[in-house]
Amino acid sequence: MKKVIINPEKNNIKGEIVIPPSKSYAHRAIICASLAKGRSIIENIDYSVDINSTIEIMTKMGAKIEKNGSVLTIDGTDNIKITDIDLNCNESGSTIRFLIPLALARYNRAKFLGKGKLITRPLDVYYNIFEKQGIKYETDNGKLPLFVEGELKPDTFIIPGNISSQFISGLMFTLPLLNGDSIIKIKGNLESKAYVDLTLDMLNRFGIEIENRDYQNFYIKGNQKYKAQNYRVEGDFSQAAFWIVAGLIGENPITLKGMNINSLQGDKEILNIAKRMGGQLDIKEEEIIVYPSKTKGIKIDVSQCPDIGPILSVLGSVSEGETNIVNAERLRIKECDRITASVSELAKLGANIQEIEDSIKIIGVERLSGNKTDSWNDHRIAMSLAIASIKIDGEIEINNSECVKKSYPSFWKEFTKIGGHLNECNVG
Ligand SMILES: O=C(O)C1=C[C@@H](OP(=O)(O)O)[C@@H](O)[C@H](O)C1
Ligand SMILES: C=C(OP(=O)(O)O)C(=O)O
């Protein structure tokens, strides 16, 4: 088991940080480029385990992908053919949910493998489609691996809006390739809506048209073709959120580089939340400067920005008064149950925090205290605890801390570079 021990007394966190590329945009760009006949150059790729999983599977589906530093040269295919049926998604929900429909864009057999929590993360939305369309599938009692055989047909797909937007994105990549028109109808309210925007944005860049009627009905013509495109991935607001909170609760300003302030990413909401809590930020075209601030508790709805839930729990824990993080239900079906994990680990550090149904209620305290904690094998919990160290008296141990490689492999290196003090680190 790999762990880090942070000695906050020796932390001196300040200065500049270049934010890594958006994982969500990178998945989408790699998929679209892989489906476009011809060559696309995708710049600014960070090889996290999630992104490597998508690259490997797109290669097995027939794309030629060459890595050159952070640049990918992708020679795509308009004729998906699975060359090796074992498709390992590791722990990436995006990868599995984006690529299951794609594997069935023409008659195919595939076996989707996964690890950790991904084995049990919900896929029923797809199983319902398979049953309706007579696509053969087999699971291990509802768990991965998932074996599928068949071909997806154009249809009207009725998809719940509150489980995962990744099913909607997955269908959006595939339906334009089918031999006929389709409709996606959303049942109930669409959560994580901005992720659908990211999908529509990337599809549009690669020449695919989808008509969006109020996020309730999406009309998708069949027989469309992806067109090769060059693209540079912008900075990741979900990762930026960690450094924004570090700047707010720390003693020195932090400057974030590499962000697009006009981004469609839903986690850009961190900027509004920080300001609503009294945070001082200087938001410029090419950088965001975050100043140490006396923040105050507020009510935060995370239904549209679930990935920043854990780091907002840290911010709430050391903000004055009461913070309520509400509509957090989908946080339970990520890499771990992020409601229970955030509450349990922050409580170990002396936070006044509790789980109330699908919300987190926090009464802020001035400072936290050191203890042994665990990441629950969840990158966002590990990184949140690292940032919490800024307000901790005594040492904090974070077990299972290598899990950051799922989305941010250089996190511990960056943490040290910006002034975090690791007493012990066997993460590499
Ligand atoms: O489409 C995407 O890139 C993502 C969608 C979100 O999932 P849900 O739609 O399941 O909330 C988010 O939590 C995940 O990290 C990335
Ligand atoms: C939940 C996440 O990703 P995914 O759903 O792709 O596994 C995440 O990165 O926090």
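Counting convention: from 1, in listed order, for ligands and their atoms alike.
- Under a 4.0 Å heavy-atom criterion, S92 is in contact with ligand 2.
- Below 4.0 Å from some heavy atom of S24 lie the following atoms of ligand 1, by number and element: 2 (C), 3 (O), 16 (C).
- Backbone and side-chain nitrogen or oxygen atoms of S165 are examined, and one is located within less than 3.5 angstrom of a nitrogen or oxygen of ligand 1.
- If you look at E335 next to ligand 2, the close heavy atoms, those under 4.0 Å, all belong to the side chain.
- Side-chain atoms of N400 and D374 include a donor-acceptor pair closer than 3.5 Å.
- Using a 4.0 Å heavy-atom cutoff, K117 is absent from the residues neighbouring ligand 2.
- Assignment of P306 to the shell around ligand 1 is supported, since a heavy atom sits closer than 4.0 Å.
- Counted by atom type alone, Q239 and R380 present one or more donor-acceptor pairs between their side chains at under 3.5 Å.
- Among all protein heavy atoms, the one lying closest to atom 4 (P) of ligand 2 is G93 N, 3.5 Å.
- A donor and an acceptor atom, one from each side chain of S375 and S401, are nowhere located under 3.5 Å apart.
- For atom 6 (O) of ligand 2, the nearest protein heavy atom (residue, atom name, distance) is S94 OG, 2.6 Å.
- If you check the side chains of Q166 and S94, you find a donor sitting under 3.5 Å from an acceptor.
- The protein atom (non-hydrogen) at minimum distance from atom 10 (O) of ligand 2 is R380 NE, 2.6 Å.
- Atom numbering of ligand 2 starts at 1 in the shown order; those under 4.0 Å from a heavy atom of R121 are 1 (C), 4 (P), 5 (O), 7 (O).
- For E91 and N377, the side-chain atoms include at least one donor-acceptor pair closer than 3.5 Å.
- Neither the backbone nor the side chain of F167 comes within contact range of ligand 1; no heavy atom lies under 4.0 Å.
- Near Q166, the atoms of ligand 2 lying under 4.0 angstrom from a non-hydrogen atom of the residue are 4 (P), 5 (O), 6 (O).
- Relative to atom 12 (C) of ligand 1, the option among V302, L198, D307 with the closest non-hydrogen atom is D307.
- Residues E66 and N68 bring no donor and acceptor atom of their side chains to less than 3.5 Å of each other.
- Annotation: atom 7 (O) of ligand 1 to nearest protein heavy atom, K334 NZ, 3.1 Å.
- Residue contacts with ligand 1, taken as heavy atom pairs separated by less than 4.0 Å, involve R28 solely via side-chain atoms from C-beta onward.
- Considering only non-hydrogen protein atoms, atom 2 (C) of ligand 1 sits nearest to Y195 CD2, 3.2 Å.
- Under 4.0 angstrom from ligand 1, the non-hydrogen atoms of S192 all belong to its side chain.
- Contacts between R97 and ligand 2 below 4.0 angstrom, taking non-hydrogen atoms only, are absent altogether.
- In the model, Q265 has no side-chain atom that pairs as donor or acceptor with a side-chain atom of S238 under 3.5 Å.
- Residue D50 has no nitrogen or oxygen atom sitting less than 3.5 Å from a nitrogen or oxygen atom of ligand 2, judged on distance alone.
- In terms of polar-atom proximity, R97 is not counted as a contact of ligand 1, lacking any N or O under 3.5 Å from an N or O of the ligand.
- The distance from ligand 2 to the heavy atoms of E91 drops below 4.0 Å at these ligand atoms: 7 (O).
- Of all the heavy atoms of Q239, none lies under 4.0 Å from any atom of ligand 2, so neither backbone nor side chain is involved.
- Residues T199 and R28 bring a donor and an acceptor atom of their side chains to less than 3.5 Å of each other.
- Side-chain contact, N52 with K67: a donor N or O sits under 3.5 Å from an acceptor N or O.
- Between S164 and ligand 1, a contact under 3.5 Å exists for at least one N or O pair.
- Inclusion of K406 in the set of residues having an N or O under 3.5 Å from an N or O of ligand 2 is warranted.
- Residue R39 qualifies as open at atom CZ: its count of foreign heavy atoms under 6.0 Å is 12 or below.
- For the atom pair CD1 (I418) and CH2 (W243), the distance works out to 5.5 Å, reported to the nearest 0.5 Å.
- When all heavy atoms are compared, the tightest approach of F206 to A29 is CZ-O, 4.1 Å.
- Residue contact check for ligand 2: H379 places a non-hydrogen atom closer than 4.0 Å to it.
- Under a 4.0 Å criterion applied to the non-hydrogen atoms of F98, ligand 1 contributes the atoms 1 (O).
- The two residues D181 and P154 have their closest heavy-atom pair at O-CB, 3.4 Å.
- From Q304, atom CD reaches atom CG of N189 across 7.0 Å, with rounding to the nearest 0.5 Å.
- Donor-acceptor pairing under 3.5 Å is recorded for the side chains of N272 and E269.
- The closest approach between a heavy atom of K23 and any atom of ligand 1 is not below 4.0 Å.
- In terms of polar-atom proximity, defined here as any N/O pair under 3.5 Å, K23 does make such a contact with ligand 2.
- A donor-acceptor contact closer than 3.5 angstrom is absent between the side chains of S92 and N90.
- In summary, K23 and D46 do not engage in a salt bridge, as defined by a charged side-chain N under 4.0 Å from a carboxylate O.
- Below 3.5 Å of separation, one finds an N or O of R330 facing an N or O of ligand 1.
- Using a 4.0 Å cut-off to heavy atoms of D307, the atoms of ligand 2 that qualify are 8 (C), 10 (O).
- In the vicinity of K334, heavy-atom distances shorter than 4.0 Å reach the ligand 2 atoms 1 (C).
- Defined by atom type and a distance below 3.5 Å, a donor-acceptor pair is present between the side-chain atoms of K185 and N217.
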